[in-house]
> 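Please find one structure pasted underneath; my questions will follow.
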Number of protein chains: 2
Amino acid sequence: MATIYEVATLAGVSPATVSRVMNGLRVSPEKAELVRSAAAKLKFTPNRTARTLRRQNSEVIALLLPDIENPYFTSMARGVEDAAQAAGFSLVMCNTDEDPSKEARYLDIAVSENMAGVIIAPASDHTELTQLLERGRPVVAVDRSTRYDVDAVMMSNRPAGRDAAQSLVDSGYRRIACITGPEDIETAMERAIGWRTAVEAAGGSATSDLLRFSTFRVDGGRAAMEDLLASAEPPDAVVATNNLMGVGALQVLTERGLTPPRFGVAVVGDLPFTTLSPAAITIVRLPARHMGTTAARMLLARIEGDAEPAHTVVLRNEVVPASLISGATAGR
Amino acid sequence: MATIYEVATLAGVSPATVSRVMNGLRVSPEKAELVRSAAAKLKFTPNRTARTLRRQNSEVIALLLPDIENPYFTSMARGVEDAAQAAGFSLVMCNTDEDPSKEARYLDIAVSENMAGVIIAPASDHTELTQLLERGRPVVAVDRSTRYDVDAVMMSNRPAGRDAAQSLVDSGYRRIACITGPEDIETAMERAIGWRTAVEAAGGSATSDLLRFSTFRVDGGRAAMEDLLASAEPPDAVVATNNLMGVGALQVLTERGLTPPRFGVAVVGDLPFTTLSPAAITIVRLPARHMGTTAARMLLARIEGDAEPAHTVVLRNEVVPASLISGATAGR
DNA sequence: GTGAAAGCGCTAACAG
DNA sequence: CTGTTAGCGCTTTCAC
């Protein structure tokens with residue numbers, strides 16, 4: 001592992017000159033060439049650890065996600081990555097698994113590795129960002145907000161829940177249930193509130209017997225759906241407030257022959273790998289990838305020194321009503 | 001950002017003692033307590049960059065994946081993460097996007113960040129691991145092999161392709177096509193060979209007009225399926241050699257009303273987020289998560305100093321024939 | 001334009 | 001058991 005000193009010796013210059021060449025600072029063309037060929041001969045790769053220690057700043061940004069297995073988040077990750085790469089930053093992803101302690105650990109690493117910035121979908125509303133912020137590291141919250149004054153990119157959660165429920169109302173369903181995520185997760189609550197708003201505005205019932213809290217995963221959706229169907233007065237339609245719960249609910253319904261439109265289904269979030277085609281399902285699309293690129297751009301601007309007051313960007317959802325879905329659009 | 005020196009001063013000890021306390025080395029209980037409370041007071045977090053520079057070794061391992069949006073790989077990632085966390089290592093994931101240059105960049109980072117080890121599903125068979133290996137960093141290949149003498153964990157690719165095709169043969173299909181990934185990706189070729197073996201053993205035709213190479217993605221599966229259906233003598237069944245291609249193929253078939261079992265479908269890889277239930281599809285399950293934990297354990301052993309000759313573990317697939325699939329099992 | 005030298009924060013001999 | 005000291009490899013004033 002060649003160091004800058006070995007390159008310097010071989011090139012007959014000082015280490016400082018090697019450093020300058022590696023960083024594109026002004027150096028005489030001859031010496032620059034000398035350095036470059038010496039570096040090539042020694043297969044020299046600058047040691048980022050040393051550089052980071054010296055500069056107090058690395059060129060990698062971290063993305064902390066609560067569930068790496070959820071396509072919603074990986075799609076967002078792609079967005080972040082594209083923007084980061086374009087700006088010369090590398091992206092490392094960490095799975096917090098909705099676990100505040102795992103999350104704290106990764107935040108710690110981000111701090112102590114001097115990472116340039118962090119984009120985080122917080123695992124809880126108690127997420128501790130002080131360390132990062134005190135050290136002047138920019139942070140952008142995605143999907144869920146924090147109690148700090150940092151930039152954020154959110155989905156229009158209430159409208160999304162409302163739109164989902166409204167499309168079911170419009171289709172004539174009478175008892176519209178809602179399956180949502182944990183009560184302490186903002187997106188879960190907000191989308192549920194949207195559901196309630198639409199249902200009540202239509203004169204329907206949005207009482208707690210039609211609302212289920214569960215995990216934001218497939219099994220959570222399954223359990224909640226089964227529970228709803230087993231209730232005294234079962235619903236005739238359901239809003240699932242995230243993609244995976246939607247999948248779980250649909251699985252249960254399909255197993256029981258209650259395929260849409262016999263039973264109304266509206267899902268908040270895309271169903272990227274579904275194989276059902278002209279299905280009678282309403283999808284409220286969430287621009288996850290766009291959320292990623294937006295967040296990355298905001299973070300990069302902060303890294304470049306942008307000192308504007310923090311602001312929150314809310315991304316609008318897009319409704320794809322049941323009738324319009326086709327296999328082709330469900331594909332992407 | 002407090003340093004070890006400030007903690008030392010506040011505690012009235014030397015920096016070395018602080019370091020010893022932070023690393024669990026033998027220190028008198030009184031001083032240890034002094035240090036601990038000083039550290040707490042200053043909210044001291046050890047600087048990993050400095051530690052890594054000094055130790056020439058960090059406590060994070062890298063996982064390089066060709067497609068972070070593919071559930072097969074994220075499932076593997078979960079496996080790696082579980083094992084890594086259990087051993088006190090943190091995991092950072094990088095998306096190489098099947099792009100050798102992106103991959104090279106992340107490998108470079110792994111080297112120059114002194115990461116403890118790397119698990120990689122190589123983007124190409126020309127992936128350059130020399131730098132890592134020269135520095136003594138352990139590497140484990142997953143899913144695809146490399147031209148280096150490193151540990152590896154593979155799926156039983158030919159058997160998987162063969163089992164998929166065989167199940168279609170057993171169901172009585174006559175013209176069984178195969179949709180597979182890029183020719184330069186090992187898993188794509190191997191599974192296709194497995195398909196050919198089974199089809200030919202059954203006296204069928206496995207000529208190139210029944211074989212399509214495409215990307216290992218949903219759109220790749222769609223394109224290939226459409227192409228096959230448009231051919232002069234269309235097949236009556238198809239083997240998709242990965243999960244996403246399977247989804248794409250199923251979408252096209254569903255759109256055209258050719259739902260299984262009217263058209264035979266066998267997919268290599270799980271369909272985690274599918275909503276079709278008692279579907280007549282054969283799934284050849286690939287233990288992705290298990291692959292992840294196995295690879296992580298092998299890597300960790302190397303990090304601990306294991307110097308055995310490199311070896312390759314091949315994980316056996318599991319066939320779930322069409323008739324047995326139900327919504328319940330498709331769920332997980 | 002270029003070199004010498006001082007550190008970034010930590011760990012690991014080496015003494016004591 | 002504990003302090004002193006010398007770097008890990010790089011960047012960056014500060015002189016020349």
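Every chain is numbered from 1 and lettered A, B, ... according to where its sequence line falls, protein lines coming before strand lines. Note that the coordinates shown come from a computational prediction; the quantities given were computed from them, not determined experimentally.
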> Which is more 5' along DNA chain D, the nucleotide nearest Pro29(B) or the one nearest Ala50(A)? Just name the residue.
Pro29(B)
> Quick one about Gln85(B) and Ser90(B) (side-chain donor to acceptor, distance below 3.5 Å, no hydrogens or angles considered), yes or no?
no
> Using OP1 and OP2 only, check whether a side-chain N or O of Asn23(B) sits under 4.0 Å from dT11(C).
yes
> Could you please name the option among dG9(D), dG3(C), dT11(C) that lies closest to any side-chain atom of Leu53(A)?
dG9(D)
> Looking at every strand, decide which applies to Val18(B) at a 4.0 Å heavy-atom threshold: base, sugar-phosphate, or nothing.
nothing
> With respect to the phosphate group of dG9(D), does any side-chain polar atom (N or O) of Thr3(A) fall under 4.0 Å of OP1 or OP2?
no
> Nearest whole angstrom, please: distance from the P of dC8(D) to the CZ of Arg48(A).
21 Å
> Whole Å only: how far is the CD1 atom of Ile4(A) from the C1' atom of dT11(D)?
8 Å
> Rounding to an integer number of Å, can you tell me how far Asn57(B) CG sits from dG9(D) P?
14 Å
> With nearest nucleotide decided by heavy atoms, which residue, Asn47(B) or Arg20(B), maps closer to the 5′ end of DNA chain C?
Asn47(B)
> Less than 4.0 angstrom between a side-chain N/O of Ser28(A) and OP1 or OP2 of dT2(C), yes or no?
yes
> Between P on dA12(C) and CZ on Arg51(B), what's the gap in Å once rounded to a whole number?
9 Å
> Say you draw a straight line from CD1 of Ile185(B) to OG1 of Thr187(B); how long is it, rounded to the nearest 0.5 Å?
6.0 Å
> What's the OH-P distance between Tyr5(A) and dG3(C), to the nearest Å?
13 Å
> What is the distance, rounded to the nearest whole Å, between atom CG of Leu25(B) and atom P of dC10(C)?
15 Å
> Is the shortest side-chain N/O distance from Thr17(B) to OP1 or OP2 of dG3(D) below 4.0 Å?
yes
> Ignoring backbone atoms, establish whether Gln56(B) has a side-chain N or O less than 4.0 Å from OP1 or OP2 of dG9(D).
yes
> If you check the Arg54(B) side chain, which of dT4(D), dT12(D), dC10(C) turns out closest?
dC10(C)
> Atom CE of Met22(B) to atom C1' of dT2(D): distance rounded to whole Å?
18 Å
> Hey, is the main chain of Val13(A) close enough, under 3.5 Å, to the side chain of Thr17(A) for a donor-acceptor pair?
no
> Closest nucleotide of DNA chain D for Val27(B) versus for Arg55(B): which of these residues is on the 5' side?
Val27(B)
> To the nearest 0.5 Å, how far apart are CZ in Arg78(A) and CG in Asp97(B)?
4.0 Å
